[in-house]
Amino acid sequence: MATHEQTSPLDVAVLREEFPVLGRHVGGDVTAPGEGADDDQPLVYLDNAATSQTPRAVVEAMTDYYYSYNANVHRGIHHLSQEASVAYEEAHDRVAEFIGADGREEIVFTKNTTEAENLIAYAWGLEELGPGDKVVMTQMEHHASLVTWQQIAKRTGADVEYIRVTEDGHLDMDHAREAIDENTQMVSFVHISNALGTVNPVEELVDQAHEVGAYAFVDGAQSVPNRSVDVGAMDADFFSFSGHKLCGPTGIGVLYGKAEILEEIQPYLYGGDMIRSVTYEDSTWEELPWKFEAGTPPIAEAVGLTAALDFLDDVGMERIQAHEEALTAYAYDRLTEFDDVTVYGPPGDNRGGLVGFNLEGVHAHDLSSICNDHAVAIRAGDHCTQPLHDTLGAAASARASFYLYNTRDEVDALVEAVDNARQLFA
Amino acid sequence: MATHEQTSPLDVAVLREEFPVLGRHVGGDVTAPGEGADDDQPLVYLDNAATSQTPRAVVEAMTDYYYSYNANVHRGIHHLSQEASVAYEEAHDRVAEFIGADGREEIVFTKNTTEAENLIAYAWGLEELGPGDKVVMTQMEHHASLVTWQQIAKRTGADVEYIRVTEDGHLDMDHAREAIDENTQMVSFVHISNALGTVNPVEELVDQAHEVGAYAFVDGAQSVPNRSVDVGAMDADFFSFSGHKLCGPTGIGVLYGKAEILEEIQPYLYGGDMIRSVTYEDSTWEELPWKFEAGTPPIAEAVGLTAALDFLDDVGMERIQAHEEALTAYAYDRLTEFDDVTVYGPPGDNRGGLVGFNLEGVHAHDLSSICNDHAVAIRAGDHCTQPLHDTLGAAASARASFYLYNTRDEVDALVEAVDNARQLFA
Amino acid sequence: MYRQQILDHYRNPRNYGELSDATFSHTGENPSCGDEITVDVVLNENEAIERIAFSGDGCAISQAAASMLTSELTGMTLNELQELDRDDVLDLLGVEVTPMRIKCAVLAEKVAQDGAKIYHGELDELEQTTIEG
Amino acid sequence: MYRQQILDHYRNPRNYGELSDATFSHTGENPSCGDEITVDVVLNENEAIERIAFSGDGCAISQAAASMLTSELTGMTLNELQELDRDDVLDLLGVEVTPMRIKCAVLAEKVAQDGAKIYHGELDELEQTTIEG
Ligand SMILES: Cc1ncc(COP(=O)(O)O)c(C=O)c1O
Ligand SMILES: Cc1ncc(COP(=O)(O)O)c(C=O)c1O
């Protein structure tokens with residue numbers, strides 16, 4: 001464990017001050033939310049791949065919205081509506097800038113990553129796929145894309161193929177070259193696996209998709225939070241992520257799509273704000289991105305997301321990545337010291353900020369419960385990658401995932417809790 | 001104007017204290033959100049049918065969520081996730097109670113009313129409708145249902161018919177009886193029109209739908225905010241509304257559906273949290289309502305919505321309705337005093353809390369701009385009822401809409417602004 | 001939750017196995033944990049449980065609960081079995097079970113009750129018991 | 001926004017009407033307001049605007065802007081027309097136009113410019129100009 005740097009590029013103590021929840025104590029009654037008298041253990045929050053915590057700047061930006069310029073957007077002429085519209089539209093610009101898109105017309109706000117995937121599956125897939133066509137995914141897909149494309153393929157008669165995962169948690173790129181063939185219309189894959197931590201070779205897969213004339217949809221739910229992403233450089237056709245995983249609010253996600261492709265796709269949700277003109281007989285559609293945003297959008301959430309991106313840029317994405325990688329490598333090293341612990345995925349020094357593992361003879365849910373008894377919050381289950389878990393031969397796994405505010409001491413607390421579980425069940 | 005009561009059943013002055021934005025001044029630069037030095041006129045907010053303002057209790061409940069128990073829900077074993085899960089699941093119970101549903105399995109959280117309508121249109125309509133089938137709507141439908149069913153009908157080859165609106169803004173119930181025939185599979189209509197203020201005879205229409213074996217979908221976006229609604233008593237099959245129109249946050253809406261119907265319908269969005277089990281080949285679905293909630297849901301928003309319903313119940317739905325009706329009747333009377341003002345919809349004493357109107361020779365957008373010059377926030381446009389506006393012979397109309405915190409003085413300010421527009425353009 | 005008694009029942013489950021002469025047998029699962037339990041019951045002429053066994057696997061809570069519950073059930077009539085509720089199982093476990101784990105704790109009870117109902121013809125089409133969130 | 005000059009142009013629009021001998025004619029709309037404007041232009045041999053007229057209807061801002069702009073355009077070459085930007089129109093109006101109304105203000109300018117581009121064969125398929133949000 002001495003092989004990894006002991007000092008973080010971040011001033012974590014100062015950053016933690018921005019996240020009030022990190023000061024919480026837990027352990028008592030869970031049916032009354034918030035800290036109660038019987039909550040007496042300081043929280044160690046290591047469930048960031050599920051959702052990240054929210055800094056003051058984000059909550060305050062949303063409060064400011066509700067307390068000073070809350071209004072419906074787009075077509076309002078009055079003062080508040082104009083302020084809200086400017087803020088809402090500029091949120092698209094801010095996201096475009098953050099991920100290297102060309103402009104707001106390439107940024108559609110959805111409710112989460114899952115809906116971004118479904119949007120393209122419904123608007124493009126349901127229309128364009130048919131028998132003989134193929135959607136290629138990976139064995140490590142999250143249910144958000146796996147179930148979506150699987151079901152849309154079933155409904156259209158298209159085939160689905162999954163790029164195999166090797167023993168050490170990487171994609172089998174030989175199999176990828178085979179699977180992505182002339183019949184392939186869509187290649188949909190995770191940038192970073194939320195179960196294995198694997199960082200996939202995005203450019204290579206995008207190129208392979210384009211070589212056969214297929215679209216590439218990159219699920220960035222686990223990558224945008226902790227590294228600098230450039231959708232233009234990776235040449236992805238579609239890209240998605242969620243606000244709640246990168247210091248932003250719940251209730252908002254992002255679909256990026258190349259403008260020329262989004263232009264051609266028919267709308268998905270119908271309703272107000274996405275139309276140009278409507279008669280009782282037929283309708284025509286608004287310009288991008290509004291064509292894909294029906295009804296009152298997540299306005300406060302867009303304001304919160306903007307604040308989250310500002311917060312992350314202030315901290316610095318490179319430094320966040322370095323901090324997470326160091327912490328992850330440290331956790332990997334410490335956990336692999338236990339002979340009876342299996343850590344999934346690639347080696348510790350090239351992965352996203354998470355470690356999935358199992359303790360021999362102990363169900364992951366029990367392990368997670370015991371960690372919880374130590375106030376260490378980790379997730380247990382299949383992490384929405386049930387088929388992958390079947391191939392791993394594990395019904396469930398435990399997962400610790402890190403973010404910019406986590407410390408080596410917190411990793412130590414995790415290791416201690418795991419060690420305690422070992423002894424309890426010995 | 002003396003015919004309507006001068007005193008409100010609400011202590012509006014006290015209530016207004018709960019809404020910080022109502023203390024805002026406007027008039028200056030709109031590109032920097034929030035009150036600036038050049039904002040010098042006290043805001044009169046009469047755009048509540050577009051979105052309502054948000055009381056402290058709602059914002060504070062969400063802040064409390066983010067600062068003390070923010071976590072992803074459903075499958076988490078750790079303390080914070082349990083607290084968040086309990087709160088999120090109980091939010092469904094609270095909504096069920098508020099609208100008279102049987103329980104949480106009948107309450108699906110969507111992002112807004114529009115998505116609720118689309119959910120049923122996609123999950124049920126796209127599968128079940130076909131040539132020879134008919135969807136009946138009304139001429140006063142909001143685009144949320146109108147465009148949705150129109151397009152789904154087009155895609156499935158089904159027909160669409162619109163129940164006519166009479167001169168005085170009511171539904172032509174003779175035409176309704178004709179239109180709702182043996183071929184009809186779905187009758188989708190607004191409970192209260194957001195353009196005309198008409199309160200439709202819900203029970204009668206639901207009965208007519210059921211007589212021919214069709215489903216009834218009631219769009220409650222404009223009714224739940226200002227009156228006590230009982231979906232059981234009205235026997236609606238589906239019902240929808242939005243959080244942001246009843247003191248709640250943006251980013252959350254509600255679809256109510258009878259459990260036995262939702263049970264039969266296939267899911268709509270695919271992904272995590274909505275599955276029971278997944279293999280690479282196929283998937284099975286979770287129980288209601290989770291089957292329809294894919295991905296990370298609007299957790300903070302559900303907490304905010306719960307607080308909004310508590311707030312409304314504390315004020316009292318009957319009193320809110322009485323307050324709004326009195327205010328609306330007053331506004332109706334004052335505006336109809338002007339010979340050159342046309343007020344749309346039924347007479348002033350039986351309508352939702354809004355008044356749509358036009359001033360002869362003045363475009364509604366100009367009228368709204370002039371009101372804005374007086375710091376009076378009203379909406380102008382087609383209010384997402386473009387075809388209805390075509391039948392009214394007006395490209396656009398102005399609309400003032402009221403909520404529990406509005407006063408007669410604010411109606412007077414509106415009337416003064418309208419009078420000023422009359423003089424300017426005379 | 002992980003008191004010595006629970007861990008002991010998990011490590012050394014009582015009544016673990018199958019009964020080849022079972023009057024009825026029923027299986028159930030808790031998809032969120034992947035817990036799976038089959039209960040085999042032999043009744044006497046008074047519809048009382050003469051012998052009972054369980055098999056399956058899953059987390060410690062579900063398996064310990066099955067072990068402890070089956071020990072209690074011997075001698076009970078099916079009517080008495082149906083009268084049990086989740087609190088009885090939680091009392092039996094003797095630890096505070098957090099809300100997200102209650103599904104694990106009550107699985108065996110639900111399987112036994114559903115099995116008895118099917119035996120009585122009160123539950124027809126049900127093939128497998130599932131505990132939902 | 002509603003200064004006397006604007007209202008005057010709205011009530012008494014200059015250059016309102018159609019030109020039967022137009023060199024080119026083009027129509028555009030602003031769907032959010034329902035504003036619609038057609039511009040007819042007669043060019044002289046130097047590609048300068050000899051006569052110009054507009055017709056259509058909509059809000060006061062769009063109609064006043066069309067009236068004021070067409071008055072300015074007479075004598076201008078098409079190249080000069082293309083060099084105009086939204087600020088030029090806003091200057092012409094002489095009032096602060098709020099962001100949501102800028103579409104109204106610039107409609108006539110956009111229609112004239114697109115018409116000239118089509119005349120030059122630089123815009124091909126465009127049938128109607130639309131100002132988007
Ligand atoms: C009657 C009616 N239906 C549907 C909607 C759409 O609501 P939302 O924009 O929240 O989806 C509205 C609000 O604009 C409405 O007034
Ligand atoms: C890789 C990946 N894709 C998709 C998702 C789904 O994100 P959301 O639940 O916000 O839709 C997640 C998060 O759970 C994820 O980790």
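The ring-ring contact (aromatic ring centres under 6.0 Å, His included) analysis of residues 30-70 of chain C, with sequence neighbours excluded, yields the pairs Tyr16(C)-Phe54(C). Pairs of residues two or more places apart, or lying in two chains, that qualify as salt bridge (charged side-chain N to carboxylate O under 4.0 Å, His left out) and include a residue from residues 358-371 of chain A are Asp366(A)-Arg101(C).
When heavy atoms are compared at a cutoff of 4.5 Å, Ala426(A) approaches chain C solely by way of its backbone atoms N, CA, C and O. Interface remark: Asp57(C) contributes no atoms to any contact with chain A (heavy atom separation under 4.5 Å). Both the backbone and the side chain of Ile61(C) come within contact range of chain A, judged by heavy atoms closer than 4.5 Å.
Contacts with chain C were tallied for Ala396(A), Ser369(A), Gly381(A), Ala380(A); Ser369(A) has the most, counting heavy-atom pairs under 4.5 Å. Most heavy-atom pairs under 4.5 Å with chain C, from the set Thr31(A), Val30(A), Val362(A), Ile370(A): that is Ile370(A).
Under the 3.5 Å distance criterion, with hydrogens and angles disregarded, a donor-acceptor pair is assigned to the side chains of Asp168(A) and Thr166(A).
Between Tyr10(C) and Phe425(A), the gap from one ring centroid to the other is short of 6.0 Å.
Considering every non-hydrogen atom in both Glu35(A) and Gly23(A), the closest pair reads OE1-O, 4.2 Å.
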